[in-house]
Amino acid sequence: AAQPTTSNPASNSSAFTGSFAGDGTYYTPGLGSCGLTNTDSDLIAAINAPQYGTNANPNNAPICGQCALVKGPKGQVKVKITDRCPVCKHGDLDLSPSAFEKVGDFDAGRIQISWSFVAC
């Protein structure tokens, strides 16, 4: 059941708005920082460490489970944030292979992306 978010300013859309640009890369997902196990075929992303934030328990990070619409040279894809990319800079997303192939070519490895938070 949906829970109202007005009592918790750290959750959902209030803290997670705006558009960003950076590098898009891809990785092999597994057990992510949000405590979920994902595979190459899941449409997910690891967000850069600065935007992931610092939490006593990373599994409880407010960013976990948020969605982003990612645009790249080949198109766009909606992904769910399930992990943290320690080496990524602000604005960067590390995408699952299935998400990356919708916005860029694997041969490129690193592409320019823009993205924004959207409803899941």
Side-chain angles (χ1 to χ4, degrees):
Q3 298 294 318
T5 58
T6 53
S7 61
N8 183 358
S11 73
N12 247 342
S13 60
S14 60
F16 301 110
T17 59
S19 297
F20 306 92
D23 288 345
T25 51
Y26 64 93
Y27 74 113
T28 302
L31 178 60
S33 295
C34 293
L36 303 171
T37 299
N38 291 100
T39 67
D40 289 0
S41 61
D42 295 323
L43 296 177
I44 59 157
I47 196 166
N48 61 80
Q51 287 182 278
Y52 187 92
T54 303
N55 302 302
N57 180 350
N59 293 352
N60 295 335
I63 196 76
C64 292
Q66 299 296 314
C67 288
L69 183 64
V70 183
K71 297 178 181 174
K74 282 178 60 176
Q76 64 183 30
V77 63
K78 183 160 70 170
V79 296
K80 184 173 282 194
I81 307 298
T82 61
D83 205 351
R84 172 181 53 200
C85 176
V87 299
C88 294
K89 297 179 183 70
H90 190 278
D92 292 355
L93 292 177
D94 206 6
L95 304 167
S96 65
S98 60
F100 187 89
E101 70 181 355
K102 294 183 185 313
V103 296
D105 290 318
F106 288 117
D107 289 347
R110 181 177 298 271
I111 58 171
Q112 288 299 115
I113 58 166
S114 61
W115 60 275
S116 56
F117 288 107
V118 294
C120 288

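Just so you know, residue 1 is the first one in the sequence shown, and it goes up from there.
For the atom pair CG (Leu95) and CG (Asp42), the distance works out to 13.0 Å, reported to the nearest 0.5 Å. Rounded to the nearest 0.5 Å, atoms CD1 (Ile47) and CZ (Phe20) are 7.5 Å apart. One finds the CD1 atom of Ile63 at 12.0 Å from the CZ atom of Arg84 (value rounded to the nearest 0.5 Å).
The minimum heavy-atom distance between Phe100 and Gly24, with the atom names listed, is CE1-O, 3.6 Å. Taking every heavy atom of both residues into account, Ala49 and Pro86 meet most closely at CB-O, 4.0 Å. Considering every non-hydrogen atom in both Val77 and Lys102, the closest pair reads CG2-CD, 3.6 Å. Asp94 and Cys88 get closest at one heavy-atom pair: CB-SG, 4.3 Å.
Hydrophobic clustering (ILVMFWY, side-chain heavy atoms < 4.5 Å, transitive): Val70 and Phe16 are in one cluster. Linking ILVMFWY residues whenever their side-chain heavy atoms come closer than 4.5 Å, directly or via other members, places Val103 and Val79 in the same cluster.
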What side-chain donor-acceptor pairs closer than 3.5 Å can you find for residues 109-120, not counting sequence neighbours?
| unit_1 | atom_1 | unit_2 | atom_2 | d |
| --- | --- | --- | --- | --- |
| Arg110 | NH1 | Asp23 | OD2 | 3.1 |
| Trp115 | NE1 | Gly91 | O | 2.8 |

Which pairs would a plain distance check flag for residues 26-37, meaning a side-chain donor or acceptor within less than 3.5 Å of a matching protein atom at least two apart in sequence or in another chain?
| unit_1 | atom_1 | unit_2 | atom_2 | d |
| --- | --- | --- | --- | --- |
| Ser33 | OG | Asp83 | OD1 | 3.1 |

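Counting heavy atoms from C-beta on, the side chains of Asn60 and Asn55 never come closer than 4.5 Å. Side-chain contact between Ser98 and Leu43 is present, with heavy atoms from C-beta onward closer than 4.5 Å.
Every residue two or more places apart in sequence or in another chain that forms a side-chain contact (heavy atoms from CB on, under 4.5 Å) with Asp105 is listed here: Lys74.
For the pair Asn48 (side chain) and Asp92 (backbone), a donor-acceptor distance under 3.5 Å is present. Side-chain atoms of Tyr52 come within 3.5 Å of backbone N or O of Pro58 as a donor-acceptor pair.
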